[in-house]
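Both ligands and their constituent atoms are indexed starting at 1 by order of listing.
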Amino acid sequence: MTGLTVRPLTGAMGAEIFGIDLAQPMDAAAFDRIHGALLDHGAIFFRAQTITPAQQLAFAGRWGEIHFHPHMKTLPDHPGVIEILKKEDDTNVFGENWHTDQIFTATPARVTMLYAKVVPAVGGDTLFADLHRAYDALSDGMKQMIAGLRTVNVYQTDKVRPAAMTPTMSGEPPKQYEHPLVRQHPETGRKGLYFCHRGITRRFVGMSEEESRPLLEQLLQHSTRPEFTCRFRWEVGSLAVWDNRRVLHYPVNDYYGHRRLMHRITVQGDPTS
Ligand code: SIN
């Protein structure tokens, strides 16, 4: 663990961690420090790592059970690892727009781990927004108004995805899942907003989409103000871990004509109550 340093990326959130080789066995003290940095900063980033899918699974497994995406295939030899591939002629990216992973399930992902295999020379950054800071910055009146609201969330089927990322669907319409709009973090106790862009978070329970939209749009605009965010520029070998219970992320679609390949693993979260 000697030499492990944590360097905040912005004044808002995100931190880079230096001085650790993720291909080597990691003792409990080093993992505790890394997990502590994740709780402190919402997203953590490592550079210049060379790891196999098995090593990535082992690292992700330190946070809990691997979570399987209901509609995405995983690597046949390494169940749980999804290849996120955007080819040169794909016009869309996977996960375009602000979201937290797998809110369209009963137990949305706790953390996501993304490892860069191929990246464009420039472009393809990922943005993150801290929903604890966003909640704290709301007025007391707004906090009171939204306190009991619950959201209705559903997997988006009407979206163009990169060719390699076509979802597997059963033919049944995806189920809807309710979650609280204000979620208490199970580890830190802090309160934060918890929702996605309107393609996934459709409405509030007891309200129509039309009635819900203005408040959802306003909260998304508020939550993604630059002062609550960080932006990560990928290099081959970069690895990010983010806490889906606290942050939104947004992969930037600005590298048409270039290839980007990532290995992604999500870890099972808790029911949101
Ligand atoms: C995702 O939304 O999980 C992918 C993020 C990215 O490709 O940067």
Inset, instruction - Could you tell me whether L114 approaches ligand 1 through its side chain, its backbone, both or neither, with non-hydrogen atoms closer than 4.0 Å? - result: side chain
Inset, instruction - Could you pull out, from R260, H99, M113, H249, the option with a heavy atom nearest to atom 6 (C) of ligand 1? - result: R260
Legend entry - T266 versus D101, side-chain donor and acceptor atoms under 3.5 Å: no
Inset, instruction - Enumerate the atoms of ligand 1 whose separation from the nearest heavy atom of T126 is less than 4.0 angstrom. - result: 6 (C), 8 (O)
Inset, instruction - Output the list of atoms in ligand 1 that are nearer than 4.0 Å to some heavy atom of R264, sorted by atom number. - result: 1 (C), 3 (O)
Legend entry - Output field: ring centroids F228/H222 closer than 6.0 Å: yes
Legend entry - Single-linkage hydrophobic cluster Y194~F204, side-chain heavy atoms < 4.5 angstrom: no
Legend entry - Ring centres under 6.0 angstrom apart (F45, F128): yes
Inset, instruction - Would you check whether T112 reaches within less than 4.0 Å of ligand 1, judged by its heavy atoms? - result: no
Inset, instruction - Using a 4.5 Å cut-off on heavy atoms from C-beta on, say whether the side chain of H185 contacts that of D243. - result: yes
